[in-house]
Amino acid sequence: MEVIIQKDAEMVAKLAANKIMKLVNQRPNCNLGLATGTTPLKLYAELIRCHKELGLDFSKVSSFNLDEYVGLDSNHPGSYHCYMQEHFFKHVNMDKKKTHIPNGMAKNIPIECEAYEAKIKACGGIDLQILGIGHDGHIGFNEPSSSLGSRTRIKTLTELTRKNNACFFKREKEVPYHVITMGIGTILDSKSCLLLAFGESKAQAIADMIEGPVSSMVPASALQFHPHTTVIIDEAAASMLKRKNYYRWVFDNLPHWQA
Ligand code: PGA
């Protein structure tokens, strides 16, 4: 796992956007795995800037979102369909036909989940999966105790996650209990993962993910099995890491072939 510590959230977003820009420029038809929540907002703002000011072209890129709430239609302001539209898609030249988000209104959820997995496979798999991390160590909506081999399926949110996501709804009680989420196995199949985190409130989850044992109680710790995961965090999120000086030294002294 490559761990990169940056001064603040702005620097994290800039470095992450640079990595994505490099991939999109090298492989214009790449498949991006997209995340929602508070964490990627600065990253999307930076990617929009790269599109507007530097001509970054998303027209051939395909995207697959990690998750969606069950029971919210795509026009509901709390849905991730709406989030993606507002914070990213409407500002760049993504082809709508190439954007994919699980359908939370599907009549048959197991079939929707199977079809989502099949679509990812048919596109050739996800090249780069963007991830945030929950305070409890979840990735996607894979709450603690999720199977580390899980695939896209329905999950029940914990009260903590519902509370943390209430800022996207008028009232906390509107936050759905159920979601469709890519599984941990689905995420581990991505060719590379890019996990971002800011702030002291994520410090324990980050330390558990990177330096703790692999455990379904910290779903993000499964990324220790992934051969190409980059974690970019600010100083506050890095504050509980025991080996932060080592991670800093590694990043500051990358051999030229790796830089
Ligand atoms: P947040 O959520 O970005 O809103 O903190 C992260 C997550 O749940 O993965």
Side-chain angles (χ1 to χ4, degrees), residues 31-40 62-74 76 78-84 87-88 99-121 123 125-126 128-169 174-190 192-197 202 205 209 214-223 225-226 229:
N31 300 324
L32 294 180
L34 300 180
T36 49
T38 312
T39 305
S62 294
S63 69
F64 291 89
N65 266 78
L66 282 166
D67 39 32
E68 179 57 288
Y69 292 106
V70 169
L72 296 193
D73 79 49
S74 55
H76 189 291
S79 73
Y80 288 148
H81 280 78
C82 215
Y83 171 112
M84 288 311 302
H87 297 295
F88 190 47
T99 65
H100 307 87
I101 304 177
N103 175 11
M105 296 297 283
K107 286 217 169 65
N108 188 327
I109 289 182
I111 286 185
E112 166 67 17
C113 295
E114 257 176 56
Y116 201 66
E117 289 274 335
K119 260 188 265 175
I120 296 173
K121 214 170 173 180
C123 275
I126 291 170
L128 179 102
Q129 176 65 57
I130 298 162
L131 295 163
I133 185 168
H135 295 92
D136 56 5
H138 70 224
I139 44 173
F141 270 137
N142 295 284
E143 299 284 34
S145 80
S146 289
S147 155
L148 300 186
S150 50
R151 311 302 306 188
T152 302
R153 70 215 181 290
I154 191 167
K155 280 296 288 181
T156 306
L157 297 181
T158 62
E159 277 309 319
L160 175 67
T161 301
R162 289 186 63 251
K163 215 180 254 314
N164 287 336
N165 288 4
C167 56
F168 292 102
F169 292 81
E174 280 179 33
V175 183
Y177 282 87
H178 294 105
V179 292
I180 294 175
T181 180
M182 279 187 204
I184 297 173
T186 321
I187 293 168
L188 292 179
D189 280 351
S190 310
S192 60
C193 293
L194 178 58
L195 185 143
L196 312 181
K202 297 286 174 76
M209 167 182 80
V214 173
S215 163
S216 66
M217 291 310 288
V218 183
S221 66
L223 293 169
F225 284 121
H226 195 290
T229 288

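Just so it is clear, the structure is predicted and the values come from calculations on it, not from any experiment. Positions are given from 1, in the same order as the sequence printed here.
Applying the salt bridge (charged side-chain N to carboxylate O under 4.0 Å, His left out) rule to E143 yields no partners; only residues at least two apart in sequence or on another chain are considered. Scored by the side chain to side chain contact (heavy atoms under 4.5 Å, CB included) test, C82 finds S79 as partners (sequence neighbours excluded).
Distance CG/L34 to CD/Q129: 7.5 Å, rounded to 0.5 Å. For the atom pair CD1 (I111) and SG (C113), the distance works out to 10.0 Å, reported to the nearest 0.5 Å. For the atom pair OG of S145 and CE of M217, the computed distance is 6.0 Å after rounding to the nearest 0.5 Å. How far CZ of F225 is from CD1 of I184: 11.5 Å, rounded to the nearest 0.5 Å. Rounded to the nearest 0.5 Å, atoms SG (C193) and CD1 (I187) are 7.0 Å apart. Put simply, CZ on F64 and OG1 on T152 are 10.5 Å apart, with the number rounded to the nearest 0.5 Å.
Under 3.5 Å, the side chains of N65 and H100 contain no donor-acceptor pair of N or O atoms. Looking only at atom types and distance, the side chain of E117 has a donor-acceptor partner in the side chain of T186 under 3.5 Å away.
When the shell of 6.0 Å around NZ of K119 is examined, it contains more than 12 heavy atoms from other residues, nucleotides or ligands.
Remark: the backbone N or O of N103 is paired with a side-chain donor or acceptor of E112 at under 3.5 angstrom. Proximity of a side-chain donor or acceptor of K202 to a complementary backbone N or O of I133 within less than 3.5 Å is detected. The backbone N or O of G125 lies less than 3.5 Å from a partner atom in the side chain of N31, making a donor-acceptor pair.
Nearest heavy-atom pair across P176 and F169 is CD-CZ, 3.8 Å. Heavy atoms only, all atoms of each residue included: L188 and H226 are closest at O-CD2, 3.3 Å.
D136 is listed as a side-chain neighbour of T158, based on a closest heavy-atom distance under 4.5 Å.
Taking the six-membered ring where tryptophan is involved, the planes of F141 and Y69 are tilted, since the angle between them lies from 30° to 60°.
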* Asked: Between M182 and D67, does a side-chain contact (heavy atoms from CB on, under 4.5 Å) hold up when you go through it step by step?
  -> CA-CA 6 Å; M182 279 187 204; D67 39 32; over 6 Å; no
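When T229, L223, L194 are each tested for a side chain to side chain contact (heavy atoms under 4.5 Å, CB included) with L131, only one passes: L223.
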